[in-house]
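Let me begin by handing over the structure; questions about it come next.
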Amino acid sequence: MSYTKIFCGKLYDGICDTLQENREILIKDQYIVEVGEHVATPENCKVVDLSHLTVTPGMIDAHVHASFFDWREIDKDAVYYSDAMRALAVSECARRALAGGFTTIRHVGWFQEDYSLDVKRAIDAGFMEGARMVAAPHFLCAPGSHGDSTQKIASNPKLSRFLESFYPTMGSGAEFFRDAVRHEVKLGADFIKIMATGGFFTPNDSPEDKQLSYEELKAIIETAHALHTTVTAHAYTTELVTTLTELGIDGIEHASLINEEAARLLEEKDIYVVPTFCPYDEIVLLDEEKLAQKSPEFQRKLRHYRDNLVQSREILKNSNIRLGYGTDLVVGYQNYECGREYSAWLRNGMDPFRTLKAATSVNAQILGIDEKVGTIQPGKYADIAAWKRDLLTDDKALLDCAFVMKEGKEVTAHSIIEDYE
């Protein structure tokens, strides 16, 4: 049995929209046992002085693709990466996300096998250091869709077709997808991820494409719910978001092209949205230097949909939708730079407390782990981070981590900002 006492400069607890002064946190083993102005100091208690920092719950990123080491290498994935290479990348992403103050990440699948569930289990068992993982190992998708990375080698039909056979959850028909859901749940998937529409990143599709039929979507959602598993969908448009909502989807990733009517429906049904502002910030805020890092197809689609992206972002920002925090970094930044989304929210005028709550207590609820993490309260895991910068005014604040603790164990913190200086 061991005790740790933390002195906080300021405390954001994941609950109240305020930074509390003169707070102390008492930790017993891996759990928080007391929070207040003057907490007990048991015998042989270790004292951690963070009185010069702002203390928060460990942050949570709800939309991470952890299966690559460097975003510049992604185009090689379909042919050159082995399953083992992806697994190593997943573990490295989890390790570096944790060092950056994000004690939990939700891995939302990848094109091919990445053994993310094995990495998750190894972290949970304490065999390696890394952010806690909530994982869906594979996308459920159709051939030629946004979830099909062989699009990039479609000029070689035989090779493309051959590689399709290694995508365990890519196919067609309601029965195929019922079976795919059952297999994912059997493997230990924490949730099901659908690639329901086209996207910006892949070269040969459109964000407006509807890439799964009504019957296929219905089969996926019904089967998952029958197995007590939640479902989230990559979806952009009003039409598809409305269809998914009517089918009982639990969450939407992106929703970047929706109108007011769709937003009201999401509010009414209390369906969460992880809007992933960061990947579209370059076009919304017109940063030509960052835009140039994206492929010509990506740039073309962003420019084509710019007005819709700007309008829908305002709708999401001004809505009462339950918004989660997720980065979806696959171009321009590394996948473990989870603080990038904080910058996007603040630079787009989002209230900082809504952003902080999205990255802590709201995300914990979305991931189904709110009984364990997401707030600094007695009985919760001692997942704690501390930051050098002003969280209310500095959009780079969550890129400059100064202290990390996961389940009562201190981890060496790392500032992402320093990597670029």
Side-chain angles (χ1 to χ4, degrees), residues 12-15 56-66 94 97 101-109 116 120 131-137 139 184-185 189-196 220-221 224-225 227-235 241 244-245 247-256 258 262-263 265-278 316-317 319-329 338-339 341-342 344-345 350-351 353-377 380-381 383 385 398:
Y12 172 71
D13 61 9
I15 307 165
T56 69
M59 295 291 163
I60 303 170
D61 190 333
H63 194 117
V64 176
H65 296 289
F102 283 74
T103 55
T104 304
I105 59 174
R106 183 173 67 150
H107 174 55
V108 290
S116 51
K120 170 193 168 174
R132 179 183 301 102
M133 288 181 61
V134 174
F139 313 136
E184 289 293 284
V185 173
D190 293 304
F191 63 100
I192 299 298
K193 166 70 179 299
I194 309 173
M195 284 296 191
I220 293 168
I221 295 168
H225 286 173
L227 297 173
H228 308 291
T229 302
T230 61
V231 186
T232 191
H234 163 103
V241 166
L244 290 163
T245 300
L247 287 171
I249 196 83
D250 298 284
I252 301 290
E253 310 298 309
H254 316 306
S256 307
I258 63 168
L265 184 61
L266 291 164
E267 290 172 345
E268 177 188 338
K269 300 292 185 181
D270 192 29
I271 293 169
Y272 71 79
V273 172
V274 180
T276 64
F277 287 158
C278 193
L316 289 167
K317 187 176 74 174
S319 74
N320 293 315
I321 296 169
R322 190 158 40 107
L323 296 181
Y325 176 109
T327 48
D328 191 25
L329 296 176
C338 305
E341 187 73 0
Y342 196 73
W345 284 45
M350 189 72 81
D351 176 72
F353 283 115
R354 188 178 187 186
T355 311
L356 288 168
K357 192 167 285 186
T360 54
S361 54
V362 173
N363 266 0
Q365 194 276 331
I366 287 172
L367 273 57
I369 55 174
D370 49 312
E371 292 185 0
K372 299 178 180 179
V373 299
T375 58
I376 294 180
Q377 291 178 284
K380 297 287 183 79
Y381 278 137
D383 276 24
L398 293 195

Inset, instruction - Taking the side chain as every heavy atom from C-beta outward, state whether I258 and V273 have any atom pair closer than 4.5 Å. - result: no
Inset, instruction - Specify whether H107 and H65 have parallel, tilted or perpendicular ring planes, treating 30° as the upper limit for parallel and 60° as the lower limit for perpendicular. - result: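 H107 vs H65 ring planes: perpendicular.
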Inset, instruction - May I ask you to test the K193-E184 pair for a side-chain heavy-atom distance under 4.5 Å? - result: no
Legend entry - Closest heavy-atom pair and its distance - A364, V373: CB-O, 3.4 Å
Inset, instruction - Looking only at non-hydrogen atoms, find the nearest pair between L244 and A233 and report the distance. - result: CD1-CB, 3.7 Å
Legend entry - Reported NZ-to-CD1 distance for the pair K269 and I249, which is rounded to 0.5 angstrom: 14.0 Å
Legend entry - Heavy-atom pair of closest approach, residues S116 and A135: OG-CB, 4.4 Å
Inset, instruction - Pick out which of D250, I192, L247 makes a side-chain contact (heavy atoms from CB on, under 4.5 Å) with I221. - result: L247
Inset, instruction - Would you mind reporting whether L316 and I321 have side-chain heavy atoms less than 4.5 Å apart? - result: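 A side-chain contact under 4.5 Å exists here.
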Inset, instruction - Hey, could you give me the CG/CG distance between N320 and L266, rounded to the nearest 0.5 Å? - result: 12.0 Å
Legend entry - Donor-acceptor contact present, side-chain E341 to main-chain C278, <3.5 Å: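 Yes; at least one donor-acceptor contact below 3.5 Å.
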Legend entry - Any side-chain heavy-atom pair of R106 and T232 under 4.5 Å: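 When only atoms from C-beta onward are counted, T232 and R106 do touch, with a gap below 4.5 Å.
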Legend entry - T327 side, atom OG1; Y342 side, atom OH - distance, nearest 0.5 Å: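 Between atom OG1 of T327 and atom OH of Y342 there are 15.5 Å.
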Inset, instruction - Kindly determine whether I15 and Q377 satisfy side-chain contact (heavy atoms from CB on, under 4.5 Å), including the steps that lead there. - result: CA-CA 9 Å; I15 307 165; Q377 291 178 284; 3.4 Å; yes
Legend entry - Least distance between heavy atoms, H254 atom then H63 atom: CE1-CE1, 3.8 Å
Legend entry - Flag side-chain contact, heavy atom, 4.5 Å: F191 against V108: yes
Legend entry - Spatial distance of atom OG1 (T56) from atom CG (D383) [nearest 0.5 Å]: 10.0 Å
Inset, instruction - If the plane angle is over 60° it's perpendicular, under 30° parallel, otherwise tilted; pick one for F277 and W345. - result: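 Geometry flag for W345 against F277: tilted rings.
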Legend entry - Close side-chain approach of R354 to K317, heavy-atom, < 4.5 Å: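 Answer no - side chains too far apart.
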Legend entry - Worked check of side-chain contact (heavy atoms from CB on, under 4.5 Å) between Y325 and L398: CA-CA 12 Å; Y325 176 109; L398 293 195; 4.2 Å; yes
Legend entry - Minimum side-chain heavy-atom gap T375-D13 below 4.5 Å: no
Legend entry - Shortest non-hydrogen contact from G324 toward A358: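 Here G324 and A358 meet closest at C-CB, 4.1 Å.
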Legend entry - More than 12 heavy atoms from other groups under 6.0 Å of NZ on K372: no
Legend entry - Worked verdict on R132 versus Y381 for side-chain contact (heavy atoms from CB on, under 4.5 Å): CA-CA 12 Å; R132 179 183 301 102; Y381 278 137; 3.9 Å; yes
Legend entry - Check: V64 and F102 side chains under 4.5 Å, non-hydrogen atoms: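 SC-SC contact between F102 and V64 ruled out.
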Legend entry - Candidate pair L356 and M59, rule side-chain contact (heavy atoms from CB on, under 4.5 Å), full reasoning: CA-CA 8 Å; L356 288 168; M59 295 291 163; 3.8 Å; yes
Legend entry - Reported CE-to-CD distance for the pair M195 and E253, which is rounded to 0.5 angstrom: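 Atom-to-atom, M195:CE and E253:CD are 9.5 Å apart.
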Inset, instruction - Kindly compute the distance separating CG (D61) from OG1 (T276), expressed to the nearest 0.5 Å. - result: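 Output value for this atom pair is 10.0 Å.
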Legend entry - Within 6.0 Å of CD in E267, more than 12 heavy atoms from elsewhere: yes
Inset, instruction - Please report the closest heavy-atom contact between A235 and V241, naming both atoms and the distance. - result: CB-CG2, 4.2 Å
